[in-house]
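We use all heavy atoms of the structure for the numbers below, so side chains are in, but hydrogens, waters and symmetry mates are not.
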Amino acid sequence: MMHAIKNLPDPENHQDVIWGISNIFRTRPNPVCRDIKITIPFLCKTYKESREKESVLNAAWALGTLSETDNYIEDILNTEIVESIIDHLL
């Protein structure tokens, strides 16, 4: 799956991939793997650019779940996605 994510041109039409990633990250304990970091930019891009409500929601769930541990919080904060999330809430 990680290889496929690296090669996806844009997240607009990849609802199944976003849904799958979101579900993987909802497992307990959270997955710990260096390859998970490559999903973070993809999830952020989906959150910011997708017009598909389901994809945006699943990207937000995945990012939220990953941010629950110290393993990925810095990587998520470095993407500046928090500003976009706050904008959506306002």
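Here CG of Leu43 is found 10.5 Å from CD1 of Ile38. Values are rounded to the nearest 0.5 Å. Between the CD1 atom in Ile81 and the CD1 atom in Ile40 there is a gap of 11.0 Å [rounded to 0.5 Å]. The CD1 atom of Ile18 sits 3.5 Å away from atom OG1 of Thr46, with the distance rounded to the nearest 0.5 Å. The NZ atom of Lys45 lies 13.5 Å from the OG atom of Ser84; values are rounded to the nearest 0.5 Å. Within the model, atoms CG of Asp87 and NZ of Lys48 stand 10.0 Å from one another, a figure rounded to the nearest 0.5 Å. The distance from atom CG of Leu66 to atom CD1 of Ile76, rounded to the nearest 0.5 Å, is 5.0 Å.
The cluster map of Ile, Leu, Val, Met, Phe, Trp and Tyr, joined by side-chain heavy atoms under 4.5 Å apart, puts Ile21 and Trp19 in different clusters.
In this structure the side chain of Val82 reaches within 4.5 angstrom of the side chain of Leu77, judged on heavy atoms. Inter-residue side-chain proximity for Tyr72 and Leu63 is flagged as unmet; no heavy-atom pair is nearer than 4.5 Å.
For Leu89, the side-chain contact (heavy atoms from CB on, under 4.5 Å) criterion is met by Ile85, not counting sequence neighbours. Legend: residues meeting side-chain contact (heavy atoms from CB on, under 4.5 Å) with Leu57, ordered by chain and number and at least two apart, are Lys53. A search for side chain to side chain donor-acceptor pair (under 3.5 Å) contacts involving Ser67 returns nothing, not counting sequence neighbours.
Across all non-hydrogen atoms, the minimal contact from Ser50 to Ser55 is OG-CB, 3.6 Å.
Residue pairs satisfying the salt bridge (Lys or Arg N to Asp or Glu O under 4.0 Å) criterion with at least one member in residues 74-84, sequence neighbours excluded, are listed as follows: Lys37-Asp75.
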